[in-house]
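Take a look at the structure below.
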2 protein chains.
Amino acid sequence: MLDERKRRVLQAVIDDYIASAEPVGSRALARKHDLGVSPATIRNEMADLEMLGYLEHIHTSSGRVPSAKGYRFYVDGLIPPKPVSDEEKVLIDRWYQARVKRIDEVFQETARLISKMTRNVSLVLAPQVSQAAFRCLQFLPLDDHRVITVLMTDAGFVENKILEMPDGAEFEDFQRMARVINRVLAGKTIRSISESSLQMIEDEIQDSGLYASALEVIQRALDASKKERLYLGGTTMMLEQPEFHDVEKVKNLLLVLEEEELVKDILHAHTGRGLEVTIGRENENSSIQDCSIITATYHLDGELLGTLAVLGPTRMEYSKAMSLLEYMNTNISEVIRKYHWKV
Amino acid sequence: MLDERKRRVLQAVIDDYIASAEPVGSRALARKHDLGVSPATIRNEMADLEMLGYLEHIHTSSGRVPSAKGYRFYVDGLIPPKPVSDEEKVLIDRWYQARVKRIDEVFQETARLISKMTRNVSLVLAPQVSQAAFRCLQFLPLDDHRVITVLMTDAGFVENKILEMPDGAEFEDFQRMARVINRVLAGKTIRSISESSLQMIEDEIQDSGLYASALEVIQRALDASKKERLYLGGTTMMLEQPEFHDVEKVKNLLLVLEEEELVKDILHAHTGRGLEVTIGRENENSSIQDCSIITATYHLDGELLGTLAVLGPTRMEYSKAMSLLEYMNTNISEVIRKYHWKV
DNA sequence: TGTTAGCACTCAATGTAACCGAGTGCTAAT
DNA sequence: ATTAGCACTCGGTTACATTGAGTGCTAACA
């Protein structure tokens with residue numbers, strides 16, 4: 001374990017580097033933070049820290065830069081508390097109370113706020129619709145051979161999908177089907193709609209001669225609702241970070257972010273209860289190994305609903321991002337509770 | 001008017017510059033395009049073209065670059081036809097025929113295809129929902145004091161919005177209202193729902209004591225449907241263009257593109273029937289004055305529905321982008337016709 | 001008279017050398 | 001154990017010469 005002074009030096013180095021994005025040297029360090037020792041001593045300490053793997057050296061005679069291990073130690077223990085400021089809280093709260101919104105706006109704006117305040121990319125994974133309670137399914141005629149299926153849930157999600165009517169089917173049939181479906185599924189969580197529920201529907205519908213297509217229709221409507229939605233924010237902001245002054249890097253990162261499934265996988269890797277920080281190489285995905293991700297999962301009644309995350313260069317303001325995520329987390333949980341989300 | 005040879009030289013210069021992004025000189029020009037004259041002659045012609053304002057010179061002794069006027073002349077007359085290749089057509093057609101989709105997916109994918117094939121940013125402005133025919137409005141209870149309003153149109157658009165119930169209102173009241181509304185508005189274009197229609201509804205509802213909130217509720221549901229939707233594609237692609245190797249430029253452009261209203265205004269400036277090309281300084285908006293926009297409007301029964309556009313550096317492949325837009329335009333018109341869009 | 005070869009000239013880009021300065025590592029003094 | 005001092009490193013900057021693609025002009029040419 002590092003002694004007190006080493007820890008202070010390490011913290012000073014990292015704080016400095018996060019603020020300046022430049023390798024930090026002993027003299028500058030002694031000047032800014034008063035550690036009560038001379039640059040020479042700091043040099044010795046830094047050499048030790050490098051031996052131990054917490055700092056890195058590009059070459060002799062350029063300042064030190066934190067290593068992944070250094071950031072890890074920093075995040076796990078040294079990190080200075082940097083609570084969300086009151087003005088920021090006001091800003092956020094005002095927004096959340098502003099007015100009743102469609103639930104997807106809530107997620108979109110949450111992403112926007114997070115990225116605006118951390119100046120990094122933010123990611124918000126919204127709960128699967130399938131975790132909400134089924135409210136009703138309606139069919140509406142679109143034209144002679146197509147119907148619109150509208151699925152509604154407690155949380156205010158409305159999912160719609162165009163279905164082709166099987167040959168010979170009449171819209172009347174769909175309406176009858178809707179009545180059956182709604183009766184059987186009323187109040188159920190979408191996810192919990194199991195084989196047995198579908199079986200019941202099947203049984204009821206069978207006499208009407210619609211059996212063949214009925215299950216498929218429901219299945220497709222439900223499938224559409226299983227998709228988790230991903231909201232991105234601040235892809236522009238990241239251009240302000242010095243590490244993204246290189247267009248190649250920007251392009252790589254943007255390409256990753258465009259792959260929705262890939263991003264979801266990355267987020268799904270973090271399902272722990274509290275905040276999780278993944279630093280540089282710790283990331284599975286090699287194209288973001290010079291980035292860090294902070295994730296926060298939100299829950300209701302102990303059930304995992306979704307994830308908030310900040311993605312930035314390893315040199316990111318961990319403290320700020322972490323406290324902000326924590327704060328937004330409580331906010332979004334609150335909103336979801338208000339919307340009567342059922343699990 | 002330029003004589004034949006000048007036109008050929010101008011075209012060669014622009015073609016070359018579009019392909020290479022480098023100022024083009026007389027020697028190289030003579031080598032690649034065989035114009036049948038020596039570099040010296042080409043130099044003379046280029047000097048003339050510069051006099052006339054079609055070409056520009058950063059300084060003595062670097063090749064020529066087309067001026068806005070040069071591009072304009074090129075676009076208006078010289079442009080080599082570069083039809084969409086058969087493979088590309090196959091690719092596009094296959095996609096369009098793939099399966100029945102939600103209409104918003106059609107627009108989103110159209111944007112993606114355009115940007116993918118032009119390697120530039122694409123913009124797709126979808127028709128206002130209000131240009132579609134009203135199909136039905138439904139209220140669904142969300143909780144004690146809120147209802148979900150679902151508005152459906154012929155074209156398969158489903159718009160939903162959460163409304164707060166006025167104090168003392170019962171969900172029953174909303175259902176009665178819905179019946180009235182649906183009867184009165186059936187078959188009307190949403191845009192054409194005028195004061196008189198609303199008046200009729202008002203009259204019918206009045207006795208029920210709901211008058212005060214009824215109009216407002218409908219109005220808000222309709223308002224939500226007035227919004228045109230904008231779909232963007234290929235913001236990543238543009239990073240491949242050499243003019244965007246500078247992060248500052250990228251940032252500026254991305255900032256503009258983030259301002260949805262601004263972008264819509266830019267597109268609204270072009271309502272002409274065919275393709276319109278706006279080159280560099282011709283753009284009103286100063287932050288895109290080193291870009292060109294090509295717009296194509298699509299129509300149904302003579303009525304303007306929406307816009308497809310490509311946004312790229314002034315040095316863009318006009319010919320390709322133009323023919324592609326034209327092709328996509330017929331495609332999307334076709335799709336819309338199939339979807340029974342009513343104006 | 002229009003075209004072309006030749007040539008002097010220009011200027012961005014590239015390469016090279018010198019220098020500066022922030023920073024280190026080591027040693028010796030405190 | 002700490003620190004002052006000093007030699008050394010190396011990226012970054014500046015200055016300067018070189019290169020090469022390109023022009024403009026003039027004179028020769030068809």
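A note on names: the letters A, B, ... follow the listed sequences, proteins ahead of strands, and every chain is numbered from 1. Just so you know, these numbers come straight off a predicted model, no measurement behind them.
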Nearest whole Å is fine: how far is [N] [atom2] from [X] [atom1]?
{"X": "B/R27", "N": "D/dG24", "atom1": "CZ", "atom2": "C1'", "result": "13 Å"}
{"X": "A/M46", "N": "C/dG25", "atom1": "CE", "atom2": "P", "result": "8 Å"}
{"X": "A/H59", "N": "C/dA22", "atom1": "NE2", "atom2": "C1'", "result": "10 Å"}
{"X": "A/K32", "N": "C/dA22", "atom1": "NZ", "atom2": "P", "result": "13 Å"}
{"X": "A/D48", "N": "C/dT24", "atom1": "CG", "atom2": "C1'", "result": "14 Å"}
{"X": "A/I42", "N": "C/dT24", "atom1": "CD1", "atom2": "P", "result": "10 Å"}

Whichever of A/R31 and B/R5 has the more 5' nearest nucleotide on DNA chain C, that residue is B/R5
5'-most contact on DNA chain C (nearest-nucleotide basis), B/G36 vs A/E50, goes to B/G36
For B/S292 and B/T314 the tightest heavy-atom approach is OG-CA, 3.5 Å
State which of [options] makes the closest approach to the side chain of [X].
{"X": "B/S38", "options": "C/dA5, C/dG23, D/dT23", "value": "C/dA5"}
{"X": "A/A47", "options": "D/dA4, C/dG25, C/dG23", "value": "C/dG25"}
{"X": "B/T60", "options": "C/dT24, C/dA12, D/dG24", "value": "D/dG24"}

For B/Y54, is the NZ or CZ atom of B/K69 found under 6.0 angstrom from the centre of its six-membered ring and inside 45 degrees of the ring axis?
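Here B/K69 passes the 6.0 Å and 45° test against B/Y54.
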Practice item. Answer yes or no: does a side-chain N or O of B/R64 lie under 4.0 Å from OP1 or OP2 of D/dT23? Key: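 Yes, B/R64 has a side-chain N/O under 4.0 Å of OP1/OP2 on D/dT23.
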Quick one: is B/T41 getting a side-chain N or O under 4.0 Å of the C/dT4 phosphate, OP1 or OP2?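 Yes, B/T41 has a side-chain N/O under 4.0 Å of OP1/OP2 on C/dT4.
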Does B/R43 get its side chain close enough to the base of C/dG6, under 3.5 Å, for a donor-acceptor pair?
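Indeed there is one.
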| field | hbond_proxy B/S61 side chain to C/dT10 base (donor-acceptor, 3.5 Å cutoff) | value | yes
(message) Using a strict threshold of under 4.0 Å (side-chain N to carboxylate O), is an ion pair present between A/E56 and A/R64?
(response)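 Between A/E56 and A/R64 there is no salt bridge, as every charged N stays at least 4.0 Å from the carboxylate O atoms.
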Original post:
Which residue pairs pass the salt bridge (Lys or Arg N to Asp or Glu O under 4.0 Å) test with at least one member in residues 268-283 of chain A, sequence neighbours excluded?
Top reply: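 Only A/R72-A/E282 qualify under salt bridge (Lys or Arg N to Asp or Glu O under 4.0 Å).
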Decide yes or no on side-chain hydrogen bond (donor to acceptor under 3.5 Å, both in side chains) for B/T236 and A/E258, but give the supporting numbers first. CA-CA 9 Å; B/T236 317; A/E258 262 182 14; 2.3 Å; yes
Check: side-chain hydrogen bond (donor to acceptor under 3.5 Å, both in side chains) between B/S323 and B/E326: does it pass, once the steps are laid out?
Finding: CA-CA 5 Å; B/S323 45; B/E326 201 139 7; over 6 Å; no
Using rotation axes that map the C1' atoms of four end pairs onto the next four (five pairs an end), what angle separates the end axes of the helix from C/dT1-D/dA30 to C/dT30-D/dA1, to 10°?
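So the angle between the two local helix axes works out to 20°.
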Under the criterion side-chain hydrogen bond (donor to acceptor under 3.5 Å, both in side chains), I'd like the reasoning laid out for A/D15 against A/H33: C-alpha separation, chi angles, the key distance, then a yes or no. CA-CA 10 Å; A/D15 282 343; A/H33 313 249; 5.6 Å; no
